[in-house]
Structures are given as C-alpha cells and as structure tokens.
Number of protein chains: 2
Amino acid sequence: MTDSTAPRGGKRERLVTSAGERLHRKGVAATTLADIAQAADVPVGNVYYYFKTKDDLVRAVLEAQVDQVEAMLASFETLPQPVDRLKALVRRWDEMRDVIARYGCPFGTLASELDRRDDGLDLEAAGPIRRILEWAEIQIRQLGQPDARELAITLFAGVQGGALLAGALRDPNLMSGQVRHLERWIDTVAASSTQS
Amino acid sequence: MTDSTAPRGGKRERLVTSAGERLHRKGVAATTLADIAQAADVPVGNVYYYFKTKDDLVRAVLEAQVDQVEAMLASFETLPQPVDRLKALVRRWDEMRDVIARYGCPFGTLASELDRRDDGLDLEAAGPIRRILEWAEIQIRQLGQPDARELAITLFAGVQGGALLAGALRDPNLMSGQVRHLERWIDTVAASSTQS
DNA sequence: GTCTATAAGGCGATAGAC
DNA sequence: GTCTATCGCCTTATAGAC
C-alpha cells in the first residue's frame with residue numbers, strides 16, 4: 001500500500017524536495033516551475049497533476065519544513081538536560097554553516113520572502129520558525145526562567161541574525177562564531193536560573 | 001547647475017526612491033519596472049533612459065542605502081559616548097518596528113535576496129550591512145574591548161534576527177523587546193570594558 | 001496516470017517619433 | 001531629453017493525446 005502523499009515513483013516527493021532546494025538557493029519568485037521540474041526529473045506540465053498552482057507547491061515545501069523541524073526537535077529529546085538540548089539546536093546551524101554562508105538559512109530566507117506577501121501564504125510562512133520558538137521557550141522555562149519567551153526570541157534571533165550576516169559577508173566562520181557565543185549565552189542563562 | 005545624478009524634475013531620484021520602497025515591500029524578483037515607474041510617476045519605457053537594465057536600478061538603490069547608512073551613522077557622531085552612539089543605532093530599528101513587522105528590515109531583506117545570486121550584485125549587496133558592522137566595531141573598540149569585531153557581529157545579528165522574527169510573527173513588539181534587550185547588553189559590554 | 005503541445009499573459013528591453 | 005508603441009522571450013497554467 002502506497003502513501004497517498006508519496007505515489008509510485010515518488011514523483012510528488014521528488015518535486016517537493018527539488019522545490020525546497022531551488023527555493024532555498026534562488027528564492028520563490030526567481031524559481032520557475034520548469035527549474036523545479038527539471039531538477040526532479042519530471043516533465044514541466046506534469047507538475048500540475050500533483051499541485052494545482054505554484055503556490056500550492058510552495059505550501060507543500062513549508063509543510064515539509066515543519067516536518068523537518070519536528071524531526072530535528074524530536075531528536076533532541078534524547079538529551080536529558082534542557083541546556084544540552086538548547087545547545088544541540090544552535091549547533092545545527094553551525095553544521096549548516098557552509099550552505100548558510102552561500103544561500104542563508106532555509107527557514108529564515110523562505111519566511112522572509114513570503115512574509116511580505118498578503119495572500120495567506122505569508123501567515124503559513126512563519127510555521128517552522130514559530131515551532132522552533134515554542135520549543136526553545138519550553139526548554140528555557142524548564143531551566144526555571146520566568147521570561148522564557150523573551151529569552152527564546154533572543155536566542156533564535158541570534159541564530160537567524162548570524163545566518164543573515166554570514167550570508168551577506170559570505171563567511172561560514174561568522175556563523176560558527178555566533179553559535180559559540182550563543183552556547184556560552186545558554187550557559188549563562190542556565191547559571192542564572194532558579195533551578196537548583 | 002544640476003547634479004548629473006539628479007536631473008531636472010528629479011526623475012532619476014524619484015525612480016530610485018520608488019524602487020527602494022517597492023523592493024523593500026515586494027522583493028527584487030517580484031517587483032516589475034512597470035510597478036516602480038508607476039510609483040515614481042514616470043513612463044515605463046523612460047526608465048531605460050536613466051538605467052540601462054533593471055539590475056542597474058537595483059544597484060542604484062543599494063548605493064542610496066549606503067548613503068542613508070552613512071547619514072545615519074554621521075548623525076550619531078554628535079553623541080559624546082560610544083555607549084550612547086551604539087544605543088542610538090539599535091533604537092533606529094525600534095523606530096522602524098511597524099514597517100519591519102510587515103516588510104522586514106530594508107537592508108536585511110535586500111541583502112538576503114541578492115546574496116543568493118552569482119552575478120556580482122550579490123557582492124555589492126553586503127555594502128550597507130558591512131558599513132554598519134565596521135562602525136559598530138569602532139564604537140565597541142572605543143569601549144576598550146579587544147574582541148570588538150565579534151561583539152559588533154553579536155549586536156547587529158541581534159538586530160537583524162529580531163527584525164526577521166518580528167516580520168515572520170508580524171509583531172512590532174518583538175522588535176521593541178529585542179532592542180531593549182540589546183540596550184541592556186550594550187551596558188553590560190561597557191561595564192565589563194577596560195575603559196576607566 | 002502520464003506526458004506533449006500550446007495557450008494566454010506579463011516581463012524586460014528596444015526602436016524611433018517628437 | 002522625453003515618451004509611445006511594440007518586440008521577443010519566458011512564465012504559469014490548460015487542453016487533450018496516449
């Protein structure tokens with residue numbers, strides 16, 4: 001039995017994967033369906049069998065990103081301490097430093113581009129980012145910090161700002177340095193917590 | 001005598017201003033020359049008298065942004081203390097919080113979109129950001145901090161990350177909260193400095 | 001279900017009248 | 001210098017063959 005979202009040959013899945021890659025590298029507006037279809041090895045006109053419009057395909061990429069985020073966050077749950085889970089989060093951006101220095105953070109750039117629209121896609125675009133902020137807030141609250149929301153924003157703003165500057169200056173080390181700074185910041189927050 | 005970059009009627013200037021606004025609100029790829037020309041009240045075909053290509057117009061917007069940054073930084077020079085100059089910088093993003101929550105930071109979003117190209121414009125795109133980082137580094141070094149570069153990056157990453165998250169979550173208060181956090185951070189850096 | 005061919009419209013850019 | 005008219009290309013999307 002085949003998953004309805006992944007038909008025989010996995011063409012739909014291939015299209016979403018290719019679209020995610022192309023959207024990250026060139027942006028939504030600059031990426032054509034022909035570009036995506038070619039990368040997925042699917043005939044251009046056939047895209048419309050799986051997605052009614054280009055925006056529908058972009059929506060599917062956003063949903064795939066949310067799934068990726070959920071999987072990433074779930075993998076951190078094996079770590080016993082909130083401090084280690086938070087550090088594992090920021091280290092992911094260090095691991096992605098080379099691609100970030102060239103094309104930016106996949107979540108940040110897509111959200112940034114879609115946010116400026118007013119057709120509904122702008123609201124869905126925040127999904128991956130919102131999910132990460134919620135998770136970070138929970139971890140920080142477990143450290144005993146009452147203002148966990150603000151601290152979560154400070155943390156992830158540091159991540160996203162670092163990614164943006166690393167991209168602008170084409171410098172992977174900028175991302176690494178920022179991640180190291182954030183790891184020390186996480187230690188400071190944990191040390192100042194009410195947790196015994 | 002008329003400045004060669006601002007002909008009679010200021011049509012070129014109007015085009016650059018309109019282009020800056022439209023590029024900020026819709027992005028480079030999604031903005032058409034017809035859109036820009038209409039906003040500037042200039043016939044579409046006439047754009048090519050002032051700019052050879054669309055990219056040339058984008059380049060002019062980048063140069064205008066650098067000029068705006070220079071003017072902003074120059075205005076801070078009247079403040080006697082580096083601490084106050086740095087706080088004045090981040091407060092500018094608080095003043096822009098409403099437009100940032102809707103369309104992002106004008107410098108950050110333009111750089112983020114252009115960075116992913118490979119036609120030369122991607123290198124020029126970092127101009128405004130690079131200038132701000134250089135200036136912040138100088139201020140922080142005046143505080144007596146030896147690692148002024150890293151601290152400047154941390155500061156401006158906080159600004160840009162806050163702008164990105166404020167845009168994604170459509171929340172001006174997120175930008176304000178982040179700026180207040182950065183002001184306290186500036187005080188901390190100043191307090192830990194070797195400056196007597 | 002899959003793919004080809006093509007429609008319909010919008011885009012950057014150009015030519016040339018005034 | 002300024003503007004109108006238009007070209008040629010590329011894009012999304014559709015119709016219909018297989």
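A note on names: the letters A, B, ... follow the listed sequences, proteins ahead of strands, and every chain is numbered from 1.
Leu151(A) approaches Trp185(A) most closely through the heavy-atom pair O-CH2, 3.3 Å. Closest approach of Val159(B) and Met175(B) over heavy atoms only: O-CE, 3.6 Å. Minimum heavy-atom separation, Phe107(B) to Ile129(B): O-CD1, 4.3 Å.
Atom CG in Asn46(B) sits about 14 Å away from atom C1' in dA13(C), given to the nearest Å. Distance, Tyr49(B) OH to dG16(C) P: 19 Å, rounded to whole Å. Residue Leu33(B) contributes atom CG, which lies 6 Å from atom C1' of dG12(C) at whole-angstrom precision. Distance Tyr48(A) OH to dT6(C) P: 18 Å, rounded to the nearest Å.
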Show your working on salt bridge (charged side-chain N to carboxylate O under 4.0 Å, His left out) between Asp55(A) and Arg117(A) and close with a plain yes or no. CA-CA 12 Å; Asp55(A) 281 357; Arg117(A) 295 168 56 155; 2.8 Å; yes

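Residue pairs meeting the ring pair (Phe, Tyr, Trp, His ring centres under 6.0 Å) criterion with at least one partner in residues 61-93 of chain B, sequence neighbours excluded, are Phe76(B)-Trp135(B), Trp93(B)-Phe156(B).
The stretch residues 38-45 of chain A touches DNA chain C through Pro43(A), Gly45(A), each having a heavy atom under 4.0 angstrom from the strand. Only Thr53(B), Lys54(B), listed by number, bring a heavy atom of residues 51-60 of chain B to less than 4.0 angstrom from any atom of DNA chain C. For the contact set between residues 15-28 of chain B and DNA chain C, defined by any heavy atom under 4.0 Å, there are no members.
The listed nucleotides are dT2(C), dT14(C), dA13(D); the one nearest the side chain of Lys11(A) is dT2(C). When distances run from any side-chain atom of Thr32(B) to the nucleotides dT2(D), dG1(C), dC11(C), the shortest one goes to dC11(C).
Of the N and O atoms on the side chains of Glu113(A) and Ser112(B), not one donor lies less than 3.5 Å from an acceptor on the other residue.
The neighbour count for Asp147(A) CG, taken as heavy atoms of other residues, nucleotides or ligands under 6.0 Å away, is above 12.
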Compile the donor-acceptor pairs under 3.5 Å between side chains in residues 22-31 of chain A and protein atoms, sequence neighbours left out, one pair per line.
unit_1	atom_1	unit_2	atom_2	d
Arg22(A)	NE	Asp35(A)	OD1	3.2
Arg22(A)	NE	Asp35(A)	OD2	3.2
Arg22(A)	NH2	Asp35(A)	OD2	3.2
His24(A)	NE2	Tyr103(A)	O	3.4
His24(A)	NE2	Gly104(A)	O	2.6
Arg25(A)	NH1	Tyr103(A)	OH	3.4
Thr31(A)	OG1	Arg22(A)	O	3.3
Thr31(A)	OG1	Gly27(A)	O	2.6

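Every side-chain hydrogen bond (donor to acceptor under 3.5 Å, both in side chains) that Glu124(B) has, sequence neighbours left out, goes to Arg59(B).
Looking only at side-chain heavy atoms (C-beta outward), Arg180(A) and Arg184(A) come within less than 4.5 Å of each other.
With hydrogens and angles ignored, the 3.5 Å screen pairs no side-chain donor or acceptor of Asn46(B) with any backbone N or O of Val44(B).
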